[in-house]
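Worksheet for the structure shown next.
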Amino acid sequence: MNKIHIVSNRLPISIKQDDDHFSFTPSVGGLATGMRSIYKDFGGQWIGWSGIPSDDLEPQQIAQIDEKLTDERCQAVHLSAEEINLYYEGFSNDVIWPLFHYFTQHIEYNPDYWEAYQAVNRKFADKVVAVANPGDTIWVHDYQLLLVPQMIREKLPDVTIGFFLHIPFPSFEVFRILPWRKELIEGMLGADLLGFHTYDYERHFFSSVRRLLGYEVSFNQIHLENRIVLGDAFPMGIDYAKFKGKASEVFRKSLPEKSELHKELEKYFLMAPDRKLILSIDRLDYTKGIPNRIRAFEYFLEKYPEYRNRVTLIMLVVPSRAEVEQYKLLKSEIDELVGRINGRFGRINYTPIWYFYRSLPFENLIELYSSCDVALVTPVRDGMNLVAKEYIASRINQTGVMVISEMAGVAKELGEAIIINPNNEPEIAEALHQALNMPLEEQRERMATLQQRISRYDVFKWASEFVESLKKVQTLQQNFLAKNITAGVRKELVKRFKAARKRAIFLDYDGTLVGFKNDPQAAKPDQELHEILTALENDPKNMVTIISGRDRDTLENWLGDHQVNLITEHGVWLRRLGGDWEMIENLNANWKPLIRPLLESYVDRTPGTFIEEKNYSLVWHFRKAEPEQGELRANELKDELHTMVANHNLEIMEGNKVIEVKAGGINKGVAALRFLNNQQVDNIIAIGDDWTDEYMFRELPESAITVKVGLKNTAAAYKVESVKSVRTLLKSLID
């Protein structure tokens with residue numbers, strides 16, 4: 001793998017300005033920790049905002065910062081105070097953040113925010129383009145830069161791009177609210193690999209892709225016109241060894257070496273050895289469910305009065321966006337709740353809630369993690385939540401109980417924790433009661449399992465797994481592109497075509513010569529297609545055959561004036577040029593009354609679906625159905641049909657958004673060979689887009705030029721991306 005470049009909103013270095021002097025210190029966040037070795041080991045650059053508004057800097061100061069950052073293999077994107085306000089505080093935190101966390105009432109639909117978001121994303125992309133080379137890998141991070149992957153792709157089509165979203169991706173019903181929803185999805189699809197914390201977020205993204213852009217999603221692959229995009233879940237970890245090591249160090253400290261906080265905690269336990277501590281640590285944010293948590297603790301003290309004077313909630317709230325009105329109101333609500341509970345249940349020597357509104361040094365955090373019997377983490381919606389993992393890593397004696405919200409991404413990994421609904425205050429209270437009464441043996445059993453799991457998948461494993469997946473997606477792209485008809489391949493095909501004395505050309509119709517339509521009858525040939533067919537049939541060396549699943553009346557109506565052969569219903573009917581319709585094999589339709597009621601029941605149950613009846617087949621169309629429901633019903637229908645067709649010589653054919661039941665023993669491959677029987681041809685071309693055309697690709701001689709439309713696995717020798725590409729190829733043969 002070539003160089004790996006990291007792109008994020010902030011650099012892994014904190015810059016502080018003191019008059020004309022700048023200090024540079026490494027950041028200690030999880031992303032900076034996990035990524036630091038990646039970009040340096042692979043010789044890349046880290047692109048991000050410096051953290052200081054460019055309006056506050058003189059040109060020579062900017063140059064000084066850039067020079068120092070270059071030594072650290074970093075590239076600064078300099079942003080003005082206005083850009084930061086509109087792009088970061090505005091669109092990122094007042095639009096995307098509330099939307100993706102399901103707090104739609106907090107969204108500010110400001111077009112100026114959107115304009116700034118586009119402009120700043122372009123700045124980031126331009127900086128990447130300036131440092132990256134073809135063949136490099138670029139890993140873009142988080143919701144502030146959703147447009148960057150596609151912007152890079154436009155300028156550097158030959159790089160590999162990964163994108164990781166560190167917050168939830170919402171369900172389609174929520175995401176569709178956003179006016180700029182398509183643009184964000186298209187921006188993300190510029191990546192080759194999209195990473196999410198959980199499968200749920202991945203699934204929500206796929207749903208939006210299907211509904212908004214109509215791309216086909218197969219397992220975790222999104223099929224674009226010219227490439228494949230993979231989505232996968234990579235639950236982010238922590239630097240487990242760092243937390244465990246620091247906890248061991250804190251445990252071994254002598255009394256004079258201990259911090260004031262540590263001394264206070266030990267004095268607390270000395271005064272009341274049977275007292276228990278519950279820990280709550282969060283940044284001030286409406287997604288964290290802090291008021292619910294406090295009310296649940298109040299409910300706990302009401303229901304279990306025996307725990308008054310025995311249990312204390314240590315609540316650390318880290319200040320965030322203190323100037324924003326919503327956050328001011330949240331802070332006021334928290335202050336009021338804490339004051340009320342402490343006033344109601346407090347005594348001279350007992351304070352129910354120890355409330356700290358500030359950040360704490362790393363060592364103090366470890367002391368809290370190590371000392372508290374229960375960790376209470378109850379966000380209303382959270383992408384991952386690493387506090388839970390930090391608490392687990394710090395419990396070196398393997399005691400302690402984790403109470404976690406099911407709405408946090410981390411809950412998927414913490415099956416041994418007590419999992420609660422953050423909106424159910426009585427349930428939280430019961431969870432606290434269970435946690436405080438859990439036997440030590442059970443605590444150690446649960447904690448040992450949790451520690452083993454999160455120690456294996458730490459932040460370094462998370463980063464390396466993503467990089468390995470990027471390597472795999474590179475291989476996948478290469479395999480899929482290996483059959484692409486490049487300019488050189490097209491030149492060779494044209495050469496073979498021109499040298500032939502007699503050519504047989506088999507062309508599928510829907511998805512090959514014309515694009516798919518919601519209404520099948522709307523897919524009539526346009527003027528360009530008529531001109532292409534006319535040019536092909538005017539060459540006496542060409543024998544053109546339209547081979548389709550369409551019924552014979554439709555194709556005759558649309559193409560009857562052309563000098564072409566027609567094979568319809570996947571090989572049932574044949575009309576040779578100048579001849580009458582004939583059946584390639586004798587079939588009957590006696591089975592239809594058996595199958596039709598089942599298809600009708602699926603039409604009734606699945607809005608947007610309908611049945612098309614042909615002479616010897618029945619087709620259930622689900623293109624206009626809701627994508628997930630259509631796919632689900634299609635799988636159900638196939639299962640039911642398999643049990644019905646076994647004894648009736650019928651076949652189930654799965655096309656593009658259709659399930660077709662037809663008489664067995666005939667397909668496009670059989671029909672094409674029957675048609676070619678006794679024909680003297682030295683050049684065969686067959687082009688098709690779906691599973692029914694695979695019969696033709698497999699049955700035709702190896703010397704045939706077989707072409708698949710789309711990026712799926714195929715028996716065809718070559719691939720093109722789209723209907724447009726098919727027409728371009730046919731025009732090159734004509735020319």
Side-chain angles (χ1 to χ4, degrees), residues 502-517 520-584 612 614-617 619 653 655-656 658 660 662 666-676 679 681 683-697 699-700 704-709 716 720 723 725-727 729-731 733-734:
K502 190 67 175 178
R503 315 170 186 118
I505 304 172
F506 293 97
L507 302 173
D508 175 46
Y509 188 77
D510 294 282
T512 301
L513 295 178
V514 297
F516 288 102
K517 307 290 183 184
Q521 295 305 312
K524 296 179 179 179
D526 55 24
Q527 184 60 34
E528 182 186 44
L529 178 56
H530 282 304
E531 291 173 358
I532 290 172
L533 291 177
T534 299
L536 284 171
E537 65 201 37
N538 282 345
D539 186 337
K541 295 181 179 180
N542 295 337
M543 184 168 53
V544 181
T545 303
I546 306 299
I547 183 165
S548 169
R550 288 272 183 175
D551 64 274
R552 61 179 186 171
D553 292 335
T554 299
L555 277 192
E556 188 169 39
N557 180 40
W558 288 351
L559 302 173
D561 292 337
H562 283 280
Q563 301 299 301
V564 297
N565 307 287
L566 297 177
I567 297 176
T568 65
E569 296 191 31
H570 303 298
V572 174
W573 292 99
L574 164 64
R575 195 202 71 175
R576 296 181 187 272
L577 183 58
D580 296 323
W581 286 103
E582 59 183 274
M583 288 184 69
I584 293 179
E612 177 189 5
K614 303 175 185 177
N615 293 107
Y616 297 97
S617 67
V619 190
M653 304 189 74
N656 198 307
V658 299
E660 183 164 356
K662 58 181 285 294
I666 191 72
N667 57 55
K668 287 185 180 181
V670 173
L673 289 181
R674 295 267 184 93
F675 179 81
L676 289 172
Q679 299 280 358
V681 296
N683 188 245
I684 300 172
I685 298 175
I687 308 177
D689 74 296
D690 71 15
W691 182 69
T692 65
D693 297 299
E694 294 296 321
Y695 288 108
M696 182 167 57
F697 299 150
E699 294 292 339
L700 289 174
I705 299 168
T706 50
V707 182
K708 175 79 166 186
V709 186
V720 294
V723 169
S725 303
V726 173
R727 294 188 178 192
L729 174 61
L730 293 176
K731 286 178 183 178
L733 298 179
I734 295 164

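- The ring pair (Phe, Tyr, Trp, His ring centres under 6.0 Å) check on Phe697 picks up nothing, with sequence neighbours excluded.
- Evaluation of the salt bridge (Lys or Arg N to Asp or Glu O under 4.0 Å) test over residues 534-546, restricted to residues two or more places apart or in two chains, returns Arg503-Asp539.
- Under the rule for a side-chain hydrogen bond (donor to acceptor under 3.5 Å, both in side chains), the partners of Gln527 that lie at least two apart in sequence or sit in another chain are Glu531.
- For Arg727, the salt bridge (charged side-chain N to carboxylate O under 4.0 Å, His left out) criterion is met by Asp526, Glu528, not counting sequence neighbours.
- Contacts of Gln521 classified as side chain to side chain contact (heavy atoms under 4.5 Å, CB included), with partners at least two apart in sequence or in another chain: Asp519, Arg550, Thr554, Trp558.
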Acceptor/donor pairs from residues 571-578 side chains to any protein atom, 3.5 angstrom cut, sequence neighbours excluded:
unit_1	atom_1	unit_2	atom_2	d
Trp573	NE1	Asn615	OD1	3.4
Arg575	NH1	Glu556	OE2	3.3

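- Under the rule for a salt bridge (charged side-chain N to carboxylate O under 4.0 Å, His left out), the partners of Glu660 that lie at least two apart in sequence or sit in another chain are Lys614.
- In this structure Asp508 satisfies the salt bridge (charged side-chain N to carboxylate O under 4.0 Å, His left out) test together with Lys668, sequence neighbours excluded.
- Side chain of Arg674 to main chain of Ile584: a donor-acceptor pair is present (N/O by atom type, distance under 3.5 Å, no hydrogens or angles).
- Under the ring pair (Phe, Tyr, Trp, His ring centres under 6.0 Å) criterion, Trp691 pairs with Tyr695, not counting sequence neighbours.
- With sequence neighbours excluded, the residues that form a side chain to side chain contact (heavy atoms under 4.5 Å, CB included) with Asp553 are Asp551.
- Rounded to the nearest 0.5 angstrom, Asp693 CG and His570 NE2 are separated by 9.0 Å.
- Legend: residues meeting side-chain hydrogen bond (donor to acceptor under 3.5 Å, both in side chains) with Glu699, ordered by chain and number and at least two apart, are absent.
- Looking at residues two or more places apart in sequence or on another chain, you find no salt bridge (charged side-chain N to carboxylate O under 4.0 Å, His left out) involving Asp561.
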